[in-house]
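Comments concern the structure below.
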Amino acid sequence: MTNFIKTAAFAAAVGLAAPALAQDIIVVSHGQANDPFWSVVKNGVDLAAQHTGANVEYRAPETFDMVAMSQLIDAAVNQEPDGIVVSIPDGDALGPSIRRAAEAGIPVISMNSGSDVAAELGAALHVGQSEFDAGKAAGAKLAEMGGTTAICVNHEVGNVALDLRCSGFEEGFGGSVEVLPTGNDPAEIESKVSAALASNEDIDTVMALGASLAGEPSLKAAQASGREVHVASFDLSANFLESIAAGDAAFAIDQQQFLQGYLPVVFLANNAKYGLMPGGNVPSGPNLVTKDKAGQAIELSAQGIR
């Protein structure tokens with residue numbers, strides 16, 4: 001009897017199981033990995049893959065495109081992975097594809113956007129923040145700082161999560177709020193914010209919905225106006241955090257997107273291995289990063305973690 005057969009026979013005799021195959025997990029988001037925000041999500045995904053040993057693929061459409069994203073989810077379902085992670089910026093557009101995954105018995109965890117519709121679409125849980133509540137908290141803070149007239153800069157029109165941010169902001173702010181639709185080109189955003197400030201001298205507050213794409217150019221426009229304008233932003237970037245630390249920007253809202261990439265992969269890998277799954281949603285934010293906290297986050301933001 002060969003050593004291999006002897007070893008196999010011994011293992012069978014004492015009830016030792018063969019090593020489990022690595023789990024296959026597919027992440028489908030609406031944000032590209034080269035976007036500064038989504039690169040942090042991708043970093044979380046990659047670290048989770050290392051920690052769990054799972055085979056993880058990150059996929060996203062080339063632009064904000066719900067048809068293309070639904071096709072990516074359908075393709076993931078066809079591969080029959082051990083789990084799928086999705087962001088849900090538009091539940092109506094992506095719902096059929098997500099339901100198809102759940103009906104096929106594939107565990108689904110949503111992250112980043114879609115907390116309001118995830119359960120009804122069949123997701124086991126959601127990792128993220130309530131966008132409306134985060135916007136409301138930001139609005140209340142800016143009103144407390146003396147703001148009365150604001151613009152909410154929406155750089156991704158059609159993303160329901162960003163609409164909720166502006167809606168929550170309007171409720172929390174209590175004053176006059178106008179939504180300023182833009183694209184995701186920082187130069188365009190700076191130009192449109194500058195034009196808005198020039199056309200209405202009462203504007204004293206700018207709420208951006210993404211730090212690197214919208215917060216930084218909004219701050220440039222506000223500084224160029226020569227007026228005292230409070231500028232705050234959702235999410236973090238090293239440059240925007242430095243502006244907060246210097247007192248030039250008001251604050252940033254940190255939803256800890258690293259955890260949005262990391263935790264769903266860990267949860268799905270452990271579900272495939274052991275049948276374990278948290279019993280409810282996991283709130284990754286919001287956390288207001290103000291001047292006294294900005295210094296702590298700058299180094300980690302530069303490393304792609306915050």
Side-chain angles (χ1 to χ4, degrees), residues 23-35 37-49 52 54-131 156 158-164 235 255-272 277-278 280-285:
Q23 292 70 48
D24 295 317
I25 298 169
I26 299 174
V27 180
V28 183
S29 87
H30 65 275
Q32 300 73 41
N34 62 355
D35 178 314
F37 175 89
W38 288 98
S39 68
V40 176
V41 176
K42 177 66 161 50
N43 289 342
V45 169
D46 291 344
L47 186 62
T52 62
N55 298 317
V56 186
E57 292 185 43
Y58 183 98
R59 303 172 182 174
E62 293 183 3
T63 61
F64 184 77
D65 184 336
M66 292 301 94
V67 174
M69 187 175 174
S70 66
Q71 292 171 345
L72 289 175
I73 297 172
D74 288 336
V77 173
N78 292 339
Q79 290 183 238
E80 300 181 352
D82 295 298
I84 296 176
V85 183
V86 295
S87 60
I88 315 177
D90 188 332
D92 291 336
L94 302 177
S97 296
I98 296 170
R99 287 193 179 97
R100 182 168 170 257
E103 290 167 359
I106 301 171
V108 177
I109 293 179
S110 63
M111 57 93 174
N112 179 259
S113 52
S115 60
D116 54 328
V117 298
E120 66 185 70
L121 296 181
L125 61 99
H126 180 81
V127 179
Q129 69 181 1
S130 167
E131 304 293 4
E156 202 167 70
N159 184 336
V160 176
L162 299 195
D163 294 338
L164 288 171
D235 307 324
Q255 61 176 298
Q256 301 184 114
Q257 71 267 33
F258 185 90
L259 292 179
Q260 295 173 8
Y262 182 85
L263 291 178
V265 171
V266 172
F267 293 157
L268 289 172
N270 280 282
N271 180 68
M277 184 71 77
N281 293 345
V282 179
S284 64

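For clarity, every value in this text was computed on a predicted model and none was experimentally measured.
- Contact detail for Val77 and Ser97: the closest heavy-atom pair is CG2-O, 4.3 Å.
- Residues Asp92 and Pro96 come closest through the heavy atom pair O-CD, 3.7 Å.
- Separation of atoms CD1 (Ile106) and CD1 (Ile84) is listed at 4.5 Å; rounding is to 0.5 Å.
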> Given the rule in the side-chain contact (heavy atoms from CB on, under 4.5 Å) test, do Asp90 and Met69 qualify, once you have shown the distances and angles that lead to the verdict?
Replying inline: CA-CA 10 Å; Asp90 188 332; Met69 187 175 174; over 6 Å; no
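- Open room surrounds CD on Glu80; 12 or fewer heavy atoms of other groups in view lie less than 6.0 Å from it.
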>> Could you go through Asn271 and Ile109, starting from their C-alpha distance and side-chain angles, then the distance that decides it, and tell me whether this counts as side-chain contact (heavy atoms from CB on, under 4.5 Å)?
In response: CA-CA 11 Å; Asn271 180 68; Ile109 293 179; over 6 Å; no
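- Here the CG-OG distance, from Leu162 to Ser113, works out to 8.5 Å after rounding to the nearest 0.5 Å.
- Residues Ala102 and Leu121 come closest through the heavy atom pair CB-O, 4.4 Å.
- Residues Leu94 and Pro89 approach most closely at CD1-CD, 3.7 Å, considering heavy atoms.
- Side-chain contact between Ile88 and His126: absent, with no pair of heavy atoms (C-beta onward) separated by less than 4.5 Å.
- Counting heavy atoms from C-beta on, the side chains of Leu72 and Pro61 come closer than 4.5 Å.
- Defined by atom type and a distance below 3.5 Å, a donor-acceptor pair is present between the side-chain atoms of His30 and Ser87.
- Pairing each heavy atom of Ser110 with each of Ala118, the nearest pair is OG-CB, 3.2 Å.
- Heavy atoms only, all atoms of each residue included: Ala76 and Val28 are closest at CB-CG2, 4.5 Å.
- Side-chain atoms of Leu268 and Asp82, non-hydrogen and from C-beta on, never get closer than 4.5 Å to each other.
- Of the options Val108, Val86, Asn112, Val85, a side-chain contact (heavy atoms from CB on, under 4.5 Å) to Pro264 is made by Val85 and by none of the others.
- In terms of modelled atom types and a separation under 3.5 Å, the side chain of Ser29 and the main chain of Gly31 share a donor-acceptor contact.
- Put simply, the side chain of Leu47 reaches to within 4.5 Å of the side chain of Phe258, judged on heavy atoms.
- Gln257 contributes atom CD, which lies 9.5 Å from atom CG of Asn43 (distance to the nearest 0.5 angstrom).
- If you take CD on Gln256 and CD on Gln129, they are separated by 9.5 Å, rounding to the nearest 0.5 Å.
- In this structure, Asp35 CG and Lys42 NZ are separated by 13.5 Å, a value rounded to the nearest 0.5 Å.
- Separation of atoms CD (Gln32) and OH (Tyr58) is listed at 7.5 Å; rounding is to 0.5 Å.
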